[in-house]
There are 2 protein chains.
Amino acid sequence: MLTYNLTNADGPLYKCLYECIKNDIAQGKLESGEKMPSKRTLAKNLGVSTITVENAYDQLIGEGYMYAMPKRGYFIADVSDIRVIKAPVHREVDIKMPPEQDENVFDFSSNRTDSNNFPFSIWAKLMRETISLREKDLLRVSPCGGVFELRQAIANHLASFRGMNVDPDQIIVGAGTEYLYGLIVKLLGKDRVYCVEDPGYKKISQIYECNNARCVPVQMDAQGINVDLIKKANAQIAHISPTHHFPTGITMPVNRRYELLAWANESDDRYIIEDDYDSEFRLNGRPIPPILSIDACEKVIYINTFSKSLTSTIRISYMVLPEHLANEFYKRLSFYACTVSTFEQYTLARFISEGYFEKHINRTRLHYGRKRQRVLESIRKCFKDEECKVIENDSGLHFIIQLDTKMTDSAVEQALLKKQIKLQAVTDFNINKKKKDRHQFIINYSNIDMDRLGTSLAEIRRLIVLKDK
Amino acid sequence: MLTYNLTNADGPLYKCLYECIKNDIAQGKLESGEKMPSKRTLAKNLGVSTITVENAYDQLIGEGYMYAMPKRGYFIADVSDIRVIKAPVHREVDIKMPPEQDENVFDFSSNRTDSNNFPFSIWAKLMRETISLREKDLLRVSPCGGVFELRQAIANHLASFRGMNVDPDQIIVGAGTEYLYGLIVKLLGKDRVYCVEDPGYKKISQIYECNNARCVPVQMDAQGINVDLIKKANAQIAHISPTHHFPTGITMPVNRRYELLAWANESDDRYIIEDDYDSEFRLNGRPIPPILSIDACEKVIYINTFSKSLTSTIRISYMVLPEHLANEFYKRLSFYACTVSTFEQYTLARFISEGYFEKHINRTRLHYGRKRQRVLESIRKCFKDEECKVIENDSGLHFIIQLDTKMTDSAVEQALLKKQIKLQAVTDFNINKKKKDRHQFIINYSNIDMDRLGTSLAEIRRLIVLKDK
């Protein structure tokens, strides 16, 4: 008869008994097919209750170590496979995560917006109210495209701020533009050729490649992506940011926009993905109308994000699909649940519809407009005109400086990094490798510390301009 | 000289002037290359300030309708492409969204958990505290795998609740399991063959197919997915839910688990994806240990979600990667931003680490255990033993009933739907089409209204059992 010492049991008795029997099975002391004592007999033998044995047996049966046969009793299962593999041992894991940003480095390359501008107290107030007032809605599952209130608020905002006439049902909400790019590939299919602007954010082409779509970089000219080169590349999808391109800062002029639309209209399988990520940051005048607003033939997928205009910790982006693509989305992809929590969707819906978002944008534009002026003044004070030329068009959160130096772009970058200054060359964003140094560097000013700007610029001048001559 | 009537201007004057000039350009009244009057001259002519003209010109230049030449003045750009395309007209869109659930239908097929069980007031309290106390953390960008506090809380929970010994750095947090499946395909590559359990959730294979991975259904036997058939299918990745399979309810016994691990160990490119989506709902005894806890060779990717255990509106899931895959994730895919907002991450971290999650699970198990008993009793009361056999193993939020009927499964479903009752056959979840009616139906009891259960069961009996004979 099985006998175990359960007097020193740590935890529930049944668990201890279960462990003892399991060990005996794993070590082969109890063999496949062996009949186990009845619950009552074993309980009596061990001096425990029948319930304890029953619980242990149930667990062993649940995990497959034993089986029951009606009216015949309990038997050991065939677990001969168990002994094939060695048991896991506890060990330290060594996982290399991406390094954190070094706070001592003065970083002209970060495109983060300043989180101090985010109206946290208003947002917090709306969150508190959403928690108190919307319990029922919060516990209802979001439609896959996002809750109607948010889609409605976005449609109204697009109408008043961007002159776009879209239906809330054309809007699909998702957790970040990267997620939406993935949905677009699922919607349009991986077999089309996607083209991206060169130079540009490498991340965009990386995401297309990660989604197994063919992605080709297409050269920009002074007006933006070159339509003849799109044709040469046999691309069907053009992913562009016509309002304010990074890194060149180009705003695509209206004739190129129409040229691009004409190209898209030549074939049913062609579309334009209009990535409008920083349209809110045109610092003077009215925003440039998006291509979508002049598109009469359902050729434009418009995409934008609140991670840029509000704060990067809010992971809410959206896309506007042409009617026929929206229908295809709901037909084929509506099994994808919405990736944004209802809670943040309702909070953002109120933030927009009660006018806080527009106020925030206006205040932010003012803030960055002033900051930009101060940065430009500092550059003018520090450099002589011929040493540093500024290339900018009053738009977005970065501009370009052209330095008069004989050093290579990467030598400039490396020398500055030793001085704790991170400056990136425009050519770093070339996607096709052929690099020709142009001595143009990006000034992302949105997140820099103005107190350290003067000394950092002086350092650039000392290292590059003075040393160089 | 250009003359416009700006006296009835609606909105800012410069905007009105900009519209007038833009129209003249679009209609060809102002031609490509034509020189425009200087700002001062036009201002004088129209009786407006120079600033007004300057703003209008800047906007037209920004959008590409005009260009400036230093010391020569302003000129109309070549916008001949504009007239190629007709302007968009406002029209109604007709987008068919998935139909909403009809509240009158008594639904045995919904696997939603009851949102009334969600401890909303505690969650709300933690949210309020997170807003008040963590402002700085909330505005810091989440690491791509999730904030450390949440990963640490999940690791501790897995250790105490599931006996799993994992490092927080092995955990990747994402907005829903569907999103994580997509990341897994990006990590393991689309060129491996993924196999899923047949029968099973079709959504899982749909997601693999949407991500362009080859996905094959593999037949289950009484112990779960059949390893010989996995070999025959030449699959490298087995996506399984061994704790409690849907719809069969099978818990994979320990010998099959080892057999599967042995299979995975035969080749470097093989992995097991252990989808543990409802392990929290084993209603009696201890949870079944996951395969990961007996995996000594880094062959298991463990995946679980809070959308099931907490409430479906919380879109937070996670996966546990073996060390070498975690390193590969961070090397190749860390440009993907975390899809869950910091706000919900910190709230959930506290919900877990302060013991509320464990309390919630215990209370929920008790609740569903009782509900299940009441549903089983109602079935026993309504049907004679030979009319309806219950197939269940004390686990998860569904079980199966086998009806003694000569009607086909789909005839049963259709007849009941006319009576506002939705009952789904197990064979509906067959992925390979060969359907053989088994008269087995799924009772998802988690979200049903107990007050209407008796009449619904009587309706089933009346329609199926009585009418049939």
Side-chain angles (χ1 to χ4, degrees), chain A residues 55 58-59 62-65 78-79 81-82 84-86 88 90 93 95-98 115 120 124 127 131 135 139 141 165 167 169 175-176 178-179 186 190 203 206 210 212 251 253-255 258-259 261-262 285-286 288 296 311-313 315 323 326-327 330 334-337 339 341-342 344, chain B residues 55 58-59 62-65 78-79 81-82 84-86 88 90 93 95-98 115 120 124 127 131 135 138-139 141 165 167 169 175-176 178-179 186 190 203 210 212 251 253-255 258-259 261-262 285-286 288 296 311-313 315 323 326-327 330 334-337 339 341-342 344:
Chain A
N55 287 340
D58 279 354
Q59 189 69 27
E63 297 184 17
Y65 288 95
D78 177 8
V79 291
D81 282 321
I82 295 185
V84 177
I85 297 172
K86 63 181 191 301
H90 175 63
V93 299
I95 293 167
K96 272 162 209 67
M97 303 179 98
S115 62
F120 188 81
M127 287 212 281
I131 300 168
E135 173 171 347
L139 293 176
V141 173
N165 178 18
D167 190 277
D169 288 355
E178 298 151 10
Y179 175 72
K186 291 177 182 78
K190 69 172 172 72
K203 196 172 173 173
Q206 279 178 311
C210 265
N212 300 307
T251 299
V254 65
N255 61 328
Y258 276 98
E259 192 189 344
L261 276 174
R286 289 154 44 76
I288 305 289
T311 163
S312 37
T313 58
R315 305 297 311 161
E323 180 181 1
N327 273 316
Y330 281 110
S334 60
F335 61 84
Y336 272 99
T339 42
S341 76
T342 48
E344 298 211 325
Chain B
N55 286 341
D58 279 353
Q59 190 69 27
E63 297 184 16
Y65 289 94
D78 178 8
V79 291
D81 282 322
I82 293 183
V84 177
I85 298 173
K86 63 180 194 296
H90 175 62
V93 300
I95 293 168
K96 273 161 209 68
M97 303 180 95
S115 62
F120 188 80
M127 287 211 281
I131 300 167
E135 174 171 346
L138 292 178
L139 293 175
V141 172
N165 178 19
D167 190 279
D169 288 355
E178 298 151 11
Y179 175 72
K186 291 177 182 78
K190 69 171 171 70
K203 195 172 175 175
C210 266
N212 300 308
T251 299
V254 66
N255 61 327
Y258 277 99
E259 194 189 341
L261 277 173
R286 289 153 45 75
I288 304 290
T311 165
S312 36
T313 57
R315 304 297 310 162
E323 179 181 1
N327 273 315
Y330 281 111
S334 60
F335 62 84
Y336 271 98
T339 43
S341 76
T342 48
E344 299 212 325

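Since we're looking at a predicted model, the values are computed, not measured. A, B, ... follow the sequence lines: proteins, then strands. Residue 1 opens every chain.
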Under 4.5 Å to a heavy atom of chain A? For B/Phe120 that would be side chain
At a heavy-atom separation under 4.5 Å, does A/Thr311 approach chain B through its side chain, its backbone, both, or neither?
side chain
Honestly, the part of A/Phe335 sitting under 4.5 Å from a heavy atom of chain B is both
side-chain hydrogen bond (donor to acceptor under 3.5 Å, both in side chains) involving B/Thr342 - partner list, sequence neighbours excluded:
none
Looking at residues at least two apart in the chain, or sitting in another chain, which of them share a side-chain hydrogen bond (donor to acceptor under 3.5 Å, both in side chains) with B/Asp169?
B/Arg151
[options]: which one forms the most heavy-atom pairs within less than 4.5 Å of chain B?
options: A/Ala326, A/Gly64, A/Gly176, A/Ala124; value: A/Gly64
options: A/Val254, A/Asp78, A/Val141, A/Asn255; value: A/Val254
options: A/Cys210, A/Ser334, A/Gly62; value: A/Cys210

If you tally heavy-atom pairs under 4.5 Å against chain A, which of B/Lys186, B/Lys190, B/Glu63 wins?
B/Glu63
Of B/Glu344, B/Gln59, B/Lys203, the largest count of non-hydrogen pairs under 4.5 angstrom with chain A goes to B/Gln59
Tell me whether A/Thr313 contacts the main-chain N or O of B/Leu138 through its side chain, where contact means a donor paired with an acceptor under 3.5 Å.
yes
Between [X] and [Y], which heavy-atom pair has the shortest distance, and what is it?
X: B/Ile288; Y: B/Thr251; result: CG1-CG2, 3.9 Å
X: B/Ala337; Y: A/Arg315; result: CB-NH2, 3.5 Å
X: B/Lys96; Y: A/Asn327; result: N-OD1, 2.7 Å

